Amino acid sequence: MRVLVVEDEQLLADAVATGLRREAMAVDVVYDGAAALERIGVNDYDVVVLDRDLPLVHGDDVCRKLVELGMPTRVLMLTASGDVSDRVEGLEIGADDYLPKPFAFSELIARVRALGRRTSVPLPPVLERAGIKLDPNRREVFREGREVQLAPKEFAVLEVLMRSEGAVVSAEQLLEKAWDENTDPFTNVVRVTVMTLRRKLGEPPVIVTVPGSGYRI
C-alpha cells in the first residue's frame with residue numbers, strides 16, 4: 001500500500017510516516033498543501049493522510065482537487081478540532097474518514113488499512129495462495145502452517161504479489177507499491193528482496209520470475 005502523509009507539523013508527520021513504514025507501507029511525506037498537489041500529480045496513492053489546516057494550500061482544497069480528478073485515492077483527514085460540525089464538513093468536502101488529534105496510532109493504522117482495502121477489489125482479510133497465508137492486519141505469514149518472519153519490505157512485496165491473484169507484477173509496480181519515491185528506480189532492490197523472500201518462504205519456490213515481465217505467485 002502506498003500512502004502520502006500531508007502534515008505541517010514535521011515531527012508529527014515524520015513520526016506517522018515512520019510508524020506506517022513499520023507496518024510495511026510505502027510512505028511519502030510533505031509538509032504543505034502545494035507540495036501535496038505536486039505529489040498527487042506524479043504518483044498514485046492508495047491513501048492520503050491529510051491534515052486539514054495546511055500552509056500554502058488548505059487541506060480542504062487538496063481534498064477537493066482529489067475529488068475533482070476522480071482519483072480512487074482515499075482520504076483520511078486529520079484536524080485538531082473535534083467538533084462534530086467540522087467532521088461533517090470534512091466528509092462533505094470529500095474525505096473518506098476523519099480522525100481528530102490527538103489520536104492513538106493504532107487507530108490511525110486501522111483506519112489507513114481499512115481505507116486501503118476500499119481502493120482495490122475486495123479480498124478476504126487473510127490472503128491465501130500456494131500454501132501461503134498472509135494476514136495484513138496481524139502482519140503474520142505462514143507457509144503450510146509454519147510461521148515465516150519477514151522484514152517490512154519483504155512483507156510488502158509478498159502482499160502485493162498475493163493481492164495480484166496470480167497476475168504478473170512488474171518490478172516497477174513493486175517499486176511503486178512497496179517503496180517510497182526516494183528509491184532509485186534503477187536499483188536492484190526489488191530483485192534482492194524477491195531473492196530473500198524466496199529463501200525465507202522455502203522450497204519448493206512459489207514466486208515465479210516471468211522473464212522480461214516481472215513476478216507472480
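Owing to the predicted nature of the structure, the values given are computational and were not obtained by experimental measurement. Atom set for the values below is all heavy atoms of this structure, side chains included, hydrogens, waters and symmetry mates excluded.
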Quick check for you: to the nearest 0.5 Å, what is the distance between [X] atom [atom1] and [Y] atom [atom2]?
{"X": "Thr79", "Y": "Asp60", "atom1": "OG1", "atom2": "CG", "answer": "9.0 Å"}
{"X": "Asp32", "Y": "Leu54", "atom1": "CG", "atom2": "CG", "answer": "7.5 Å"}
{"X": "Leu174", "Y": "Thr193", "atom1": "CG", "atom2": "OG1", "answer": "9.0 Å"}
{"X": "Glu159", "Y": "Met1", "atom1": "CD", "atom2": "CE", "answer": "6.5 Å"}
{"X": "Leu150", "Y": "Glu140", "atom1": "CG", "atom2": "CD", "answer": "11.5 Å"}
{"X": "Glu154", "Y": "Leu201", "atom1": "CD", "atom2": "CG", "answer": "9.0 Å"}

Kindly say whether [Y] contributes a backbone atom to a donor-acceptor pair with the side chain of [X] at under 3.5 angstrom?
{"X": "Glu7", "Y": "Glu9", "value": "yes"}
{"X": "His58", "Y": "Asp53", "value": "no"}
{"X": "Asp96", "Y": "Val75", "value": "yes"}

Between [X] and [Y], is any pair of side-chain heavy atoms under 4.5 Å apart?
{"X": "Asn188", "Y": "Arg191", "answer": "yes"}
{"X": "Leu76", "Y": "Val112", "answer": "yes"}
{"X": "Val206", "Y": "Arg143", "answer": "yes"}
{"X": "Leu127", "Y": "Arg163", "answer": "yes"}
{"X": "Val189", "Y": "Lys153", "answer": "no"}
{"X": "Leu78", "Y": "Lys101", "answer": "yes"}
{"X": "Phe155", "Y": "Gln149", "answer": "no"}

| When you look at Arg139 and Asp135, which way does the side chain to side chain contact (heavy atoms under 4.5 Å, CB included) test go after all the steps? | CA-CA 5 Å; Arg139 292 196 64 244; Asp135 187 331; over 6 Å; no
When you group the ILVMFWY residues by side-chain heavy-atom contacts below 4.5 Å and let the links chain together, are [Y] and [X] in the same group?
{"X": "Ile109", "Y": "Val49", "value": "yes"}
{"X": "Leu197", "Y": "Val192", "value": "no"}
{"X": "Val30", "Y": "Leu56", "value": "no"}
{"X": "Leu69", "Y": "Val62", "value": "yes"}
{"X": "Phe142", "Y": "Val148", "value": "no"}

Is it true that atom [atom1] of [X] has more than 12 heavy atoms of other residues, nucleotides or ligands lying nearer than 6.0 Å?
{"X": "Lys133", "atom1": "NZ", "value": "no"}
{"X": "Arg146", "atom1": "CZ", "value": "yes"}
{"X": "Arg64", "atom1": "CZ", "value": "yes"}

| said: Give me each pair satisfying side chain to side chain donor-acceptor pair (under 3.5 Å) with a member in residues 102-115, each pair once, sequence neighbours excluded. | reply: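 For residues 102-115, and leaving out neighbouring residues, the side chain to side chain donor-acceptor pair (under 3.5 Å) pairs sorted by first residue read Asp97-Arg111, Glu107-Arg111.
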Closest approach of [X] to [Y] (non-hydrogen atoms, all atoms of both residues):
{"X": "Ala95", "Y": "Cys63", "answer": "N-SG, 3.4 Å"}
{"X": "Gly116", "Y": "Val47", "answer": "N-CG2, 3.6 Å"}
{"X": "Pro152", "Y": "Ala24", "answer": "O-CB, 3.2 Å"}
{"X": "Ala178", "Y": "Ala26", "answer": "C-CB, 3.5 Å"}
{"X": "Ala130", "Y": "Ile217", "answer": "CB-CG2, 4.0 Å"}

Classify the side-chain pair [X]/[Y] by whether it contains a donor and acceptor separated by less than 3.5 Å.
{"X": "Arg198", "Y": "Tyr215", "result": "no"}
{"X": "Thr73", "Y": "Arg2", "result": "no"}
{"X": "Asp51", "Y": "Tyr31", "result": "no"}

Between side-chain atoms of residues 33-44 and protein atoms elsewhere (two or more places apart, or another chain), which donor-acceptor pairs fall under 3.5 Å?
from, atom 1, to, atom 2, distance (Å)
Arg39, NE, Glu181, OE1, 3.2
Arg39, NE, Glu181, OE2, 2.6
Arg39, NH2, Glu181, OE2, 3.3
Asn43, ND2, Tyr45, OH, 3.0
Asn43, ND2, Glu181, OE1, 3.1

| What residues form a side-chain contact (heavy atoms from CB on, under 4.5 Å) with Val210, not counting sequence neighbours? |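 Here the qualifying residues are Val168, Ser213, Arg216.
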| message | Run Val190 and Glu172 through side chain to side chain contact (heavy atoms under 4.5 Å, CB included) and show every step you take. | response | CA-CA 9 Å; Val190 172; Glu172 291 77 13; over 6 Å; no
| request: Take Val27 and Trp179 through the test side chain to side chain contact (heavy atoms under 4.5 Å, CB included) and record every step on the way to the result. | output: CA-CA 7 Å; Val27 185; Trp179 279 269; over 6 Å; no
| task | Give the intermediate values and the outcome of side chain to side chain contact (heavy atoms under 4.5 Å, CB included) for residues Val126 and Leu134. | result | CA-CA 6 Å; Val126 177; Leu134 182 147; over 6 Å; no
